[in-house]
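Proteins get letters first, then strands, A, B, ... in listed order; numbering begins at 1 in each.
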2 protein chains.
Amino acid sequence: MARWEPNARDRLERAALALFAEHGYDATTVNEIADRAGLTKSTFFRHFADKREVLFGGQDVLSQRFSDAIRATAPAATIGACLAAALESAAPAFTPERHDLALQRRAIIAATSELRERELLKRAGLSSAIADALRARGADDTTARLAAELGVLAFSTAFAHWAAPKNRQPYTEIAHTALRDLQARAAALGSEADLRA
Amino acid sequence: MARWEPNARDRLERAALALFAEHGYDATTVNEIADRAGLTKSTFFRHFADKREVLFGGQDVLSQRFSDAIRATAPAATIGACLAAALESAAPAFTPERHDLALQRRAIIAATSELRERELLKRAGLSSAIADALRARGADDTTARLAAELGVLAFSTAFAHWAAPKNRQPYTEIAHTALRDLQARAAALGSEADLRA
DNA sequence: CTAAGTGATGACACCCAGTCCCATCACGCG
DNA sequence: CGCGTGATGGGACTGGGTGTCATCACTTAG
């Protein structure tokens, strides 16, 4: 199928990550990324809509996985079970080998508000994917949106813990405890039982 | 105090809103905005860090209000009461006269992903302002973040309802019912009682 | 074996957002 | 009246992003 080097997109992603880590996001130009990948600016923008997008390649795949996982759960499952299934479906992206890459990527994103902004857009995409999937199985709009926010919050805190420098705990474990924790807080928030001050 | 026309910033905002509504966000140049306001590109960027920012002038004020409102609630108040106070503090921004402006602004933002992205950043700012204020009064990290998300969700749905074309209901009313509704759903989500399918 | 076709790439021109630097002008103040 | 301050104007410059057209690698029809 593939002619030339079939890895163009991958090479661009790797080159970008390396250069961003080396000189920072703002200080590296798209031309430099393309040069290091042995390509040109034109080709870069044929593979990525944005300079930012080169760091968020996997996010759309993730939305699809979340959506599929929820749609595949048993009709009788609770919403909590749906969220758990969604979080689990992301596990393949969090193998120990990718740990260092994720760490590096996180540092780059945290350093530039332009990238944090894009991350929020991707996160919103995840949220609406979850909400849509929940609505498709009968949840009302308000519940679907709230549950989706809760799921995304669980996911991002789980990811943050997993990507922490010295973490060795597997992702799924972290994700489940994060979700359970949030559900407990939601119950308390709703009933206003133990809320201090 | 002010020399020249003291309204430079306001004029730029009005000019931008008018031109965006007329030709769309992408099709209008910063130069065109500045020209209509009787100013120049240099001056535009001296008042706004971004082309986008010209549409989000009030957001930082809002964060401050939310934060202050929460810090001003009685120490014995529940978190739900804190959120209600925060939502109420935004009321001055939602007078009937501003209704049409808000409607126009919303349409412009909805039409351009670049602007939706910026809106998410502002919303995240609101969320962390709320979370910080809650943490400051003793809430634990997880609860603070979840409650903040819930508050922002209530705020944005309330705003959407208030800004709807044919709405005449006052903002505070809408906001309170939105918040109460979300709290009820949170309770259900936490206890997994009535969650269907 | 060759010629047409296809798809990824390169090269180049172009527009505009955003940054810098410096000149200028309006006003208050001594 | 002269000076300092602060907002503005102007112009040069970088880099992201969009086009268009030529080119080259490889496939497939003939």
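- B:T95 and B:E97 share a side-chain donor-acceptor pair at under 3.5 Å.
- Relative orientation of the B:Y171 and B:F155 rings is perpendicular, given thresholds of 30° and 60° on the angle between their planes.
- If you check every strand for non-hydrogen atoms under 4.0 Å, B:D50 touches sugar and phosphate atoms only.
- Of the N and O atoms on the side chains of B:S42 and B:R46, not one donor lies less than 3.5 Å from an acceptor on the other residue.
- Under the 3.5 Å distance criterion, with hydrogens and angles disregarded, a donor-acceptor pair is assigned to the side chains of A:E88 and A:H176.
- Of the side-chain N and O atoms in B:T40, one or more sit less than 4.0 angstrom from OP1 or OP2 of D:dG9.
- If you check every strand for non-hydrogen atoms under 4.0 Å, B:R9 touches nothing.
- Between A:H47 and C:dA8 there is no side-chain polar atom (N or O) within less than 4.0 angstrom of OP1 or OP2.
- Residue A:K41 is the one, among A:K41 and A:R46, whose nearest nucleotide of DNA chain D lies closer to the 5' end (criterion: closest heavy atom).
- Out of D:dG10, D:dT18, C:dG10, the shortest distance to the side chain of A:L39 is found at C:dG10.
- The C1' atoms of five pairs define one axis at each end of the helix from C:dC1-D:dG30 to C:dG30-D:dC1, and these two axes lie 0° apart (to 10°).
- When heavy atoms are screened at a 4.0 angstrom cut-off, B:S42 is found touching base atoms of the nucleic acid.
- Under the 6.0 Å distance and 45° angle rule, B:R105 does not count as a cation-pi partner of B:F20.
- For A:F45, counting side-chain heavy atoms from C-beta on, the closest listed nucleotide (D:dG16, D:dT8, C:dG18) is D:dG16.
- Clustering of Ile, Leu, Val, Met, Phe, Trp and Tyr side chains at separations under 4.5 Å leaves B:V61 isolated, with no partner residue.
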